[in-house]
Student: 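Structure provided below as structure tokens; questions to follow.
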Amino acid sequence: MLSKKDENTRLDFIRQIVAEDLKTNKWNGRVVTRFPPEPNGYLHIGHAKSICLNFGIAAEFGGRCHLRFDDTNPEKEEQEYVDSIIEDVHWLGWDWGEHLYYGSDYFEQMFEYAVRLVEKGKAYVCDLTAEQTRQYRGTLTEPGTESPFRNRSIEENLELLERMRAGEFPDGSRTLRAKIDMAHPNLNMRDPVMYRIVHAAHHRTGEKWCIYPMYDWAHGLEDCVERITHSVCTLEFENHRPLYDWFLDELGVYHPQQIEFARLNLTYTVMSKRRLLQLVQEGLVGDWDDPRMPTISGFRRRGYSPEAIREFCKRIGVNKFNSTVDIALLEHCLRENLNKTSPRVMAVLRPLKVVIDNYPEGQVEELDAVNNPEDPAAGTRKVPFSRELYIEREDFMEEPPKKFFRLAPGREVRLRYAYFVTCTDVVKDAKGEVAELHCTYDPATRGGDAPDGRKVKSTLHWVCAERSLEAEVRLYDHLFTKENPDDVAEGMDFKSNLNPNSLEVLTSCKVEPSLAEAKPLSRHQFERLGYFCVDPDSSEGRLVFNRTATLRDTWAKIQKAQERRK
RNA sequence: UGGGGAAUAGUGUAACGGUAGCACGACUGACUCUGGAUCAGUUAGUCGGGGUUCGAAUCCCUGUUCCCCAGCCA
């Protein structure tokens, strides 16, 4: 067990700051964080890190966390994204109560603050074109040049700003800029744009506005209005913090503390919204919720549980340097959770027919099977057994290599929860492929135990031929073949590393009848195969499963090693 | 070549001047009616060079490498 000191020292650097602020009463005991997505795409596992950080801190320190849409760019944002984000954050298990906000709700107040800055002589209307603004900004090593409009009178600025708002000027013709320092070594401080003119309909404010605030101007004010205490964001905003501070200080208003942390990178995964959008738009995946996508909706459809994702976010930690987490850790958290929670079931992906020659024709018996050995409360169910069964093709080999313990001619194995069977004959088709197996069973081993104490080397899963259900099963693998999808040849992009085998569809799988009523998105373990989730594509009488993850497969490892030796 | 950040096993993280620890992975072995799970063990690390100190991952100097910034995106 951890001592109290150990627990405290294990806090990440952000939680340490929050804990310290609580101790010194910096914010009068308040802890208010926020998750501020722009509704211009679907949430991904990288956002989950931020979500768990912000909502987690609020929950752990007795504060609250706001869900706020940072919707200041009408050209990229859509209601569809708002809806999906709300659904995803909820699904992950977090709740913001009444604290659902939109940056656009503060547009009027932001404008008033802008007027104040103009009145203070700290902002001005600039007529430079975008191109000119860029040229005047200077470079990383050379200072910028002051805009010729920088010293307009306060009266003129005020009048022009009102006329900007009134829609008198075309897109891009003018901006409102902060008057800071064109020679500042931090480019963000070289008279940054606060408002641009965009005659576009906004998904919430409609046609009301034709000027929209820039991120730097809007974000601090949103935090300010909501009385955020700790404004947690990613590393690339570190350069913007001086500006965040400048705006709030010049206005003399409530001033949260911005803290930056490193975004999540995952092996075999691309994470930027831009590239995920590209995959969707170019039809390289089904949609945002394609089970191969690292989106929250993709993971949900794939069969991941919110608990697994939250545990993952807890384990990866929080830091200020870039790192790439091994996707195996995510998969570990997944299996750890699903192992404890998923009901077991038998399903055969690539069926091979087996006839039990000495079993009575026409007889069907119901055998007891354990639903979840990790959870006795899950109880048992009946599975039908009869003369004709299906087993997995790869569970039989005519000429078994060393360490292959499964079925082979003359060999006895156990059919899980059923009987010991011995393979007596192999029937082949015209092409010489194994078409059917004949076995005998030992009636004394009913249930799977031999009264004489004899052992078998392996236990196979199976389904009753007559009573099984047909199903489609979609097998997934990593979307990319390289740990780092950006590791590409000259002139190529990440798409050249797409895994052509990331999806394999199996259409004539056989599953046990208890699955007839399985609900969409319900998760099951197919014994010896992996975790599978009912895809929403399923319909009455047509079951479709997604493979969420395989079970750890020792035999596959041995096989690989054997092949390598050849 | 301006400014801002950052470097700890293969990977992710802890240690806040006092035994470099944990997790994932990999590899052994035990157990098992899932070749699952579980359990036990092995593996392997402080970016380099100086200094301060009884003692440095930690403090100082210096070098190296990596990330971010020149949108009227966020």
Side-chain angles (χ1 to χ4, degrees), chain A residues 6 9-10 12 16 36-38 40 70 72-73 75-77 126 128-131 133-135 137-144 171-177 184-190 192-198 211-212 214-216 218-219 233-242 260 262 267 273 315-333 335-336 339-340 344 346 369-370 373-374 403-406 414-418 420 445 447-450 455-461 483 525-530 550-558:
Chain A
D6 285 337
T9 54
R10 274 165 195 235
D12 60 67
Q16 280 178 34
E38 182 189 14
N40 68 344
D70 203 2
T72 56
N73 183 354
E75 295 180 310
K76 288 186 178 169
E77 296 150 8
C126 180
L128 254 27
T129 64
E131 172 65 16
T133 305
R134 189 170 64 77
Q135 284 165 355
R137 187 154 32 228
T139 68
L140 294 177
T141 50
E142 297 156 333
D171 286 5
S173 59
R174 285 176 224 261
T175 56
L176 182 73
R177 295 226 257 161
H184 199 109
N186 181 340
L187 267 45
N188 294 127
M189 299 297 273
R190 318 244 260 230
V193 172
M194 295 164 61
Y195 278 100
R196 74 280 212 185
I197 300 173
V198 180
I211 59 172
Y212 289 93
M214 296 289 291
Y215 169 86
D216 285 307
H219 204 85
C233 62
T234 43
L235 247 32
E236 68 270 26
F237 293 104
E238 213 155 11
N239 294 325
H240 295 247
R241 176 152 36 91
E260 309 84 12
T267 56
K273 277 190 202 171
R315 290 209 203 179
I316 56 178
V318 183
N319 241 316
K320 289 201 68 145
F321 46 90
N322 298 307
S323 59
T324 302
V325 178
D326 192 338
I327 198 161
L329 180 60
L330 211 210
E331 291 165 350
H332 168 81
C333 294
R335 292 191 178 103
E336 184 178 58
N339 175 48
K340 290 194 182 104
R344 315 281 125 133
M346 289 197 283
V370 173
E374 302 290 324
K403 292 189 180 172
F404 182 87
F405 301 146
R406 284 112 94 142
R414 170 170 37 236
L415 295 180
R416 179 141 228 224
Y417 300 126
F420 284 15
T445 58
D449 285 306
K455 302 280 186 206
V456 286
K457 292 275 272 196
S458 100
T459 300
L460 308 187
H461 62 275
E483 275 197 21
Q525 186 198 95
F526 289 0
E527 295 223 22
R528 302 211 305 135
L529 297 174
T550 57
L551 250 25
R552 263 188 59 216
D553 189 345
T554 309
W555 167 238
K557 239 178 228 179
I558 294 169

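Side-chain atoms are counted along with the backbone in the values below, which use heavy atoms only and exclude waters and symmetry mates. Here is how names work: the chains are called A, B, and so on, in the same order as the sequence lines, proteins then strands, and each is numbered from 1.
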Student: At less than 4.0 Å, is any side-chain N or O atom of A:Asn319 found next to OP1 or OP2 of B:U8? Yes or no.
Tutor: no
Student: Distance between the P atoms of B:A37 and B:U19, in whole angstroms?
Tutor: 36 Å
Student: Expressed in whole Å, how much space separates the P atoms belonging to B:C67 and B:A26?
Tutor: 29 Å
Student: Expressed as a whole number of angstroms, how long is the span from A:Met346:CE to B:G36:P?
Tutor: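 Atom-to-atom, A:Met346 to B:G36, this comes out as 18 Å.
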Student: Indicate the atoms forming the closest heavy-atom contact of A:Asp70 with A:His219, along with that distance.
Tutor: OD2-ND1, 3.0 Å
Student: If you assign each of A:Arg528 and A:Val325 to its closest nucleotide in RNA chain B, which residue comes earlier from the 5' end?
Tutor: A:Val325
Student: When the distance from CD of A:Glu77 to C1' of B:C73 is rounded to whole Å, what number comes out?
Tutor: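 So the two atoms are 10 Å apart, to the nearest Å.
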Student: Between B:A44 and B:G21, how far apart are the C1' atoms? Round to whole Å, please.
Tutor: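 Comparing C1' positions in B:G21 and B:A44 gives a spacing of 14 Å.
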Student: Counting any heavy atom closer than 4.0 Å, what does A:Asn239 reach on the DNA or RNA strands: base, sugar-phosphate only, or nothing?
Tutor: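 Result for A:Asn239 = base.
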Student: The side chain of A:Lys403 lies closest to which of these nucleotides: B:A70, B:G35, B:U13?
Tutor: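 Nearest to the side chain of A:Lys403 among the choices is B:G35.
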Student: Before giving the answer on salt bridge (charged side-chain N to carboxylate O under 4.0 Å, His left out), spell out for A:Lys76 and A:Glu38 the whole-Å C-alpha distance, their side-chain angles and the decisive distance to 0.1 Å.
Tutor: CA-CA 9 Å; A:Lys76 288 186 178 169; A:Glu38 182 189 14; over 6 Å; no
Student: Just to be sure I understand the rule, does A:Phe237 reach a base, reach only the sugar-phosphate, or reach nothing, if contact means heavy atoms closer than 4.0 Å?
Tutor: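 The residue A:Phe237 makes base contact.
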Student: Salt-bridge test for A:Arg315 and A:Glu336: reply yes if a basic N is under 4.0 Å from a carboxylate O, no otherwise.
Tutor: yes
Student: Check whether any side-chain N or O of A:Arg344 sits under 4.0 Å from OP1 or OP2 of B:A37, and answer yes or no.
Tutor: no
Student: To the nearest angstrom, how far is A:Glu331 atom CD from B:A37 atom C1'?
Tutor: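 In whole Å, B:A37 C1' and A:Glu331 CD are 17 Å from each other.
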Student: Can you tell me, in whole Å, how much space there is between the C1' of B:U11 and that of B:G51?
Tutor: 33 Å
Student: Taking atom NZ of A:Lys320 as the centre, report whether more than 12 heavy atoms of other residues, nucleotides or ligands fall under 6.0 Å from it.
Tutor: yes
Student: Would you check if A:Ile316 and A:Leu329 make a side-chain contact, meaning some heavy-atom pair closer than 4.5 Å?
Tutor: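 With C-beta onward as the side chain, the pair touches.
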Student: Round to a whole Å and report the spacing from CD of A:Glu527 to P of B:G36.
Tutor: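 Roughly 13 Å, once rounded to whole Å.
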Student: Check whether any side-chain N or O of A:Thr554 sits under 4.0 Å from OP1 or OP2 of B:G36, and answer yes or no.
Tutor: yes
Student: Within the 4.0 Å heavy-atom criterion, would you say A:Leu330 contacts the bases, only the backbone, or no part of the nucleic acid?
Tutor: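 Here A:Leu330 touches no strand at all.
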Student: Treating A:Asn319 as the side-chain partner and A:Phe321 as the backbone partner, does any N or O pair qualify as donor plus acceptor under 3.5 Å?
Tutor: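 Pair absent, no side-chain N/O of A:Asn319 close to backbone of A:Phe321.
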Student: Select base, sugar-phosphate, or nothing to describe what A:Thr267 touches, counting heavy atoms under 4.0 Å on all strands.
Tutor: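 If one applies the 4.0 Å heavy-atom cut-off, A:Thr267 turns out to touch nothing in the nucleic acid.
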Student: For B:A23 and B:C59, measure between their P atoms and round to the nearest Å.
Tutor: 27 Å
Student: Among A:Glu236, A:His240, A:Arg241, which residue satisfies the side chain to side chain contact (heavy atoms under 4.5 Å, CB included) criterion with A:Glu238?
Tutor: A:Arg241
Student: Would you sketch RNA chain B in dot-bracket for me? Only Watson-Crick or G-U wobble pairs with both distances under 3.5 Å count, crossing pairs as [ ], other-strand pairs as |, the rest as dots.
Tutor: .((((((..((((....[..))))((((((.......))))))...(((((..]....))))))))))).....
Student: Pick the closest RNA chain B nucleotide for A:Gly448 and for A:Lys320 by heavy atoms, then say which residue is nearer the 5' end.
Tutor: A:Lys320
Student: Would you indicate whether the side-chain heavy atoms of A:Asn40 and A:Lys273 approach each other to under 4.5 Å?
Tutor: yes
Student: Identify whether any heavy atom of A:Asp449 sits under 4.0 Å from a base atom; if not, whether one sits that close to sugar-phosphate; answer base, sugar-phosphate or nothing.
Tutor: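 Answer is base: heavy atoms of A:Asp449 come under 4.0 Å of a base.
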Student: Give one of base, sugar-phosphate or nothing for A:Pro143, where a contact means two heavy atoms less than 4.0 Å apart.
Tutor: nothing
Student: Suppose you measure atom P in B:A57 against the same atom in B:G17; what distance do you get, rounded to whole Å?
Tutor: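 Approximately 13 Å lies between the P atom of B:A57 and that of B:G17.
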Student: Grab the CZ-C1' distance between A:Arg414 and B:G35 for me, whole Å please.
Tutor: 13 Å
Student: How about A:His461 and A:Arg528: does a side-chain donor come under 3.5 Å of a side-chain acceptor?
Tutor: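 The criterion, which ignores hydrogens and geometry beyond distance, is satisfied for A:Arg528 and A:His461.
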Student: Under 4.0 Å, heavy atoms only, any strand: does A:His240 hit a base, just the sugar-phosphate, or nothing?
Tutor: base
Student: A:Tyr417 near the nucleic acid: base, sugar-phosphate alone, or nothing, with a heavy-atom cut-off under 4.0 Å?
Tutor: base
Student: Counting only N and O atoms by type, is there a donor-acceptor contact under 3.5 Å from the side chain of A:Thr139 to the main-chain atoms of A:Glu142?
Tutor: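 Checked: pair present.
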Student: So, does A:Thr267 use its side chain to make a donor-acceptor pair with the main chain of A:Ile327 at under 3.5 Å?
Tutor: yes
Student: Mind listing the closest non-hydrogen atom pair of A:His184 and A:Met189 along with its distance?
Tutor: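 Distance-wise, the nearest heavy atoms are CG-CB, 3.4 Å.
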Student: For side-chain contact (heavy atoms from CB on, under 4.5 Å), just list the numbers for A:Val456 and A:Phe405, CA-CA rounded to whole Å, side-chain angles, deciding distance to a tenth of an Å, and then say yes or no.
Tutor: CA-CA 9 Å; A:Val456 286; A:Phe405 301 146; over 6 Å; no
Student: Starting from C1' on B:G71, measure out to CZ on A:Arg177 and report it in whole angstrom.
Tutor: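 Atom-to-atom, A:Arg177 to B:G71, this comes out as 13 Å.
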Student: Using the side-chain heavy atoms of A:Gln16, tell me which of these nucleotides is nearest: B:C16, B:U34, B:C73.
Tutor: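 The closest nucleotide is B:C16.
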Student: Using a cut-off of strictly less than 4.0 Å, decide whether A:Ser323 has a side-chain nitrogen or oxygen near OP1 or OP2 of B:U13.
Tutor: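 Result: yes.
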Student: Just checking A:Phe321: base, sugar-phosphate only, or nothing, at a heavy-atom cut-off of under 4.0 Å?
Tutor: sugar-phosphate
Student: With syn defined as a glycosidic angle within 90° of 0 and anti as the rest, where does B:G71 land?
Tutor: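 Syn conformation for B:G71.
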Student: Between B:U58 and B:U52, how many Å separate the two C1' atoms, rounded to a whole number?
Tutor: 13 Å
Student: By the 4.0 Å heavy-atom rule, please label A:Glu374 as base, sugar-phosphate, or nothing.
Tutor: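 If one applies the 4.0 Å heavy-atom cut-off, A:Glu374 turns out to touch a base.
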Student: Considering only atom C1', compute the distance from B:G4 to B:U8 and round it to an integer number of Å.
Tutor: 23 Å
Student: Looking for any heavy atom pair under 4.0 Å, which part of the strands does A:Phe526 touch: base, sugar-phosphate only, or nothing?
Tutor: nothing
Student: Quick one: is B:G2 close enough that its OP1 or OP2 comes under 4.0 Å of any side-chain N or O from A:Arg137?
Tutor: no
Student: Contact class for A:Leu460 (heavy atom, under 4.0 Å): base, sugar-phosphate, or nothing?
Tutor: nothing
Student: Which nucleotides of nucleotides 21-30 of chain B have their base under 4.0 Å from a protein heavy atom (B), which only their sugar-phosphate (S), and which neither (-), written as one string 5' to 3'?
Tutor: --SS-SS---
Student: Just how far, in rounded Å, is P of B:G3 from NE2 of A:His184?
Tutor: 11 Å
Student: Using a heavy-atom cut-off of under 4.0 Å over every strand shown, decide if A:Ile316 touches base, sugar-phosphate, or nothing.
Tutor: sugar-phosphate
Student: What's A:Gln525 touching, base or sugar-phosphate or nothing? Going by heavy atoms closer than 4.0 Å.
Tutor: base
Student: Quick one: A:Arg196 CZ to B:G71 P, roughly how many Å, whole number?
Tutor: 14 Å
